[in-house]
Amino acid sequence: MKDSVVVDAKCRGAEISADIYGHFAEHLGRCIYGGFWVGKNSDIPNIHGFNKSVVEAFKELNIPNLRWPGGCFADEYHWKDGIGPKENRKRIINTNWGGVVEDNSFGTHEFFELCDELGCKPYVCGNVGSGTVREMSEWIEYITFDGESPMADLRKQNGRAEPWKLPFFGIGNENWGCGGNMRPEFYADLYRRFQSFIKQYGKDRIMKIAGGPNIDDYNWTEVLMKNAHWLMNGLSLHYYIYEEDWFHKKSAVNFDKEAWYKTIKNAYRMEELVRRHSEIMDKYDKEKKVALVVDEWGCWHECEEGTNPGFLYQQNTVRDGVVAAVNLNVFNNHCDRVRMANLAQAVNVLQSPVLTKEDKIVLTPTWHVLHQFKEHMNGTLVASSCAAPQCGIYEKQLTVPSLSVSASVKEISGREKFTVTLANVDCENSKNVILSFSNLEGKIHSAKASVVCGEKINSFNSFEKDDEVTEKSLAVNISSADSVEFTVTPHSVVLVEVTV
C-alpha cells in the first residue's frame with residue numbers, strides 16, 4: 001500500500017521567510033557562557049572569544065537571526081551593566097536561572113559581534129518588566145544612532161564608532177508571566193507607551209515586536225490587536241511541547257511508545273494555535289501587516305540528571321528532530337502570517353541544535369533536521385496535501401496524522417526546484433510514499449532525497465558517539481513525468497528535492 005502526497009505546482013502562496021528558522025540565546029545555563037562564548041583567552045579554539053566550532057555549526061545552517069538576551073532574563077537585564085571595560089561591569093545574580101553570578105562579560109558589543117560572525121540579523125528583547133522607557137530609548141540610541149549624542153558618544157568611547165543595524169526589537173517578554181504578571185489591558189497600554197520611544201534613526205527600520213500570548217490565551221491576542229495593532233510589526237507567541245505538561249516534565253531519553261505519541265500530539269497542536277491566533281489577528285489586520293512571531297518554541301523535558309535544574313540542559317533525540325519537523329512544516333504552511341520564529345534555545349538549553357562539553361561539540365538530531373529544512377528559506381510556498389492513515393495507540397484514543405508535510409519552490413539556473421519535507425511520525429511503520437505534482441508544467445528532470453533517523457525512537461548523539469543520528473542520502477525513484485517514489489522509515493524526517 002502506498003501513501004500519497006500531492007503538491008499542486010500552480011497553487012502558490014507567500015514567500016517562506018528565512019526568519020522562520022531563527023534561534024534564541026538567553027543568559028541561561030551554558031547557552032552563552034560555555035556555549036557561544038568561551039573568552040578570548042580560552043584554550044578552546046575561538047574567534048574573538050566565540051567558540052569556533054559552535055559558530056561554524058550555526059553558519060552551516062544559514063542561521064537568519066538570533067534573539068537575545070532573553071527570555072525571562074530580558075526583563076531583569078539592564079543593558080548598561082554589560083558595556084565598557086569588563087573589569088568594571090556589574091556582577092549580578094541571575095534570579096531566573098539557577099541563582100548563579102552573571103558577570104556581564106557578554107553584553108551588547110559581544111552580541112552584535114557574534115551576529116557579525118554568524119552572518120545573521122540581531123533580535124534584541126528589551127526590558128519592560130523592571131526597566132524604564134528612558135533605559136530602553138537610550139539602548140536604541142546607543143545601538144543605532146549615527147551622529148553626536150550622549151549614547152552614541154558612549155558607544156564610541158567603548159570602541160564602536162559605527163552604529164549597528166537592529167532589524168528586530170521585542171518590547172518585553174512574557175509580560176503575562178515572568179515579565180511582570182500583567183493583564184493584557186495593562187500591557188497593551190505599556191506597549192503603546194514604550195514603543196513610542198523606539199526611535200527610527202536613519203534609513204534602517206526596526207521591526208517592533210509586541211509581547212504576545214502564552215499558548216492558547218486568545219483573549220491576550222484579542223486585546224493587544226484591538227488596542228495596538230497599528231503600532232506593531234509583530235506579535236509574539238510562545239509554545240513549548242511537553243510529554244505531559246509544564247508541572248510534570250518527563251525524561252528526554254527514557255520514554256516509550258505512549259510517551260512518543262503524547263509528545264507528537266502536543267507538537268501537532270501548533271497548527272491549531274497558529275490558525276486560531278491568526279484568525280483573531282485577521283479581524284484587525286486583514287492585510288497581514290503584523291507578523292505572528294513564534295519566538296519561543298520547542299520541546300521541554302526533564303533536565304539531565306546531575307545538572308543544575310536551573311540550567312535546563314537536556315538531551316536531544318530523534319523524537320525532538322521529528323517534533324522540529326512538524327512545527328517547521330506548520331510555520332511554512334502559514335508563512336503568510338508566521339514570518340519569524342525562534343527555536344528555544346541555541347546551545348546547551350532545552351531543544352538545542354548544538355551541545356558542548358569543553359572543546360567538544362555535538363550536532364543533535366534537531367540540527368540535522370534544520371539542515372534539511374534550510375532549503376525552504378525564501379522559497380515560495382506551494383500547496384501540499386497527503387492521504388495517509390492515522391497512527392498511534394487506538395485503544396487509548398492517542399492518534400495523530402502519520403505524515404506531516406510542506407513544500408516550496410525556487411527558480412535555480414533556469415529550472416524550478418521543488419523542496420518537500422515530510423515527517424513520518426509513525427514510530428513503528430515505514431511509509432511507501434508516492435509524491436505527485438499536479439498541474440506541473442514540463443516533467444521531472446531530477447530528484448534526490450535525504451533522511452534523518454535513528455535506530456530507535458530515543459536514539460541520540462553523544463560526546464562519545466556523535467553519529468547515531470545524521471542526515472543520510474535516501475533512494476528516490478522517478479516513476480513518471482510528474483511523480484517520484486521512496487520509502488520513509490519509521491520516526492524519521494525526509495527532504496525531497498525535485499527539479500523540473
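Worth saying up front: this structure is predicted, and the values here are computed from it rather than measured. Every heavy atom of this structure was used, including side-chain atoms; hydrogens, water molecules and symmetry mates were not.
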Measure SG to SG for Cys178 and Cys72 and state whether it is below 2.5 Å.
-> yes
Going through the distances and angles, do Phe331 and Trp297 end up as a ring pair (Phe, Tyr, Trp, His ring centres under 6.0 Å)?
-> CA-CA 11 Å; Phe331 301 155; Trp297 69 272; 5.6 Å; yes
State plainly whether the residues [X] and [Y] are in salt-bridge range, i.e. N to O under 4.0 Å.
{"X": "Asp103", "Y": "Lys90", "result": "no"}
{"X": "Asp466", "Y": "Lys360", "result": "no"}
{"X": "Glu110", "Y": "Lys86", "result": "yes"}
{"X": "Arg275", "Y": "Glu279", "result": "yes"}
{"X": "Lys465", "Y": "Glu468", "result": "yes"}
{"X": "Glu222", "Y": "Lys283", "result": "yes"}
{"X": "Lys417", "Y": "Glu375", "result": "yes"}
{"X": "Asp285", "Y": "Arg337", "result": "yes"}

Rounded to the nearest 0.5 Å, what's the gap from CG on Leu312 to CD on Glu26? Could you check?
-> 8.5 Å
Going from CD1 on Ile209 to CG on Asn173, what distance comes out if it is rounded to the nearest 0.5 angstrom?
-> 11.5 Å
Within 6.0 Å of [atom1] in [X], more than 12 heavy atoms from elsewhere:
{"X": "Trp246", "atom1": "CH2", "value": "no"}
{"X": "Lys52", "atom1": "NZ", "value": "no"}
{"X": "Glu87", "atom1": "CD", "value": "yes"}

For the residue pair [X] and [Y], confirm or rule out a side-chain donor-acceptor distance under 3.5 Å.
{"X": "Asn175", "Y": "Arg183", "result": "no"}
{"X": "Ser130", "Y": "Asp75", "result": "no"}
{"X": "Gln351", "Y": "Thr366", "result": "yes"}
{"X": "Glu243", "Y": "His301", "result": "no"}
{"X": "His238", "Y": "Asp295", "result": "yes"}
{"X": "Gln314", "Y": "Glu304", "result": "no"}
{"X": "Tyr21", "Y": "Asn332", "result": "yes"}
{"X": "Gln345", "Y": "Ser352", "result": "no"}
{"X": "Tyr313", "Y": "Asn308", "result": "no"}
{"X": "Asn378", "Y": "Glu15", "result": "yes"}
{"X": "Ser450", "Y": "Glu471", "result": "yes"}
{"X": "His27", "Y": "Glu102", "result": "yes"}
{"X": "Thr421", "Y": "His376", "result": "yes"}

Go through the steps to decide whether Tyr142 and His109 satisfy the test ring pair (Phe, Tyr, Trp, His ring centres under 6.0 Å), and finish with yes or no.
-> CA-CA 11 Å; Tyr142 186 91; His109 289 253; 5.7 Å; yes
Flag side-chain contact, heavy atom, 4.5 Å: [X] against [Y]:
{"X": "Asn233", "Y": "Val290", "value": "no"}
{"X": "Asn227", "Y": "Tyr284", "value": "no"}
{"X": "Met340", "Y": "Pro64", "value": "no"}
{"X": "Val54", "Y": "Ile361", "value": "yes"}

Is Arg134 close enough and on-axis enough to Phe197, meaning under 6.0 Å and within 45°, for cation-pi?
-> no
Could you go step by step and tell me if Glu296 and Arg67 meet the salt bridge (Lys or Arg N to Asp or Glu O under 4.0 Å) rule?
-> CA-CA 10 Å; Glu296 290 189 30; Arg67 181 175 182 246; 2.9 Å; yes
Which word best sums up how the rings of Phe58 and Phe36 line up, parallel for under 30°, tilted for 30 to 60°, or perpendicular for over 60°?
-> tilted
Using the side-chain hydrogen bond (donor to acceptor under 3.5 Å, both in side chains) rule, take Ser105 and Arg89 through it: C-alpha gap first, then chi angles, then the decisive distance, then the call.
-> CA-CA 7 Å; Ser105 59; Arg89 298 184 186 183; over 6 Å; no
From the list Trp79, Trp139, Trp68, side chain to side chain donor-acceptor pair (under 3.5 Å) with Thr108 holds only for Trp139
Could you go step by step and tell me if Lys121 and Asp19 meet the salt bridge (Lys or Arg N to Asp or Glu O under 4.0 Å) rule?
-> CA-CA 9 Å; Lys121 292 178 281 188; Asp19 287 313; 2.8 Å; yes
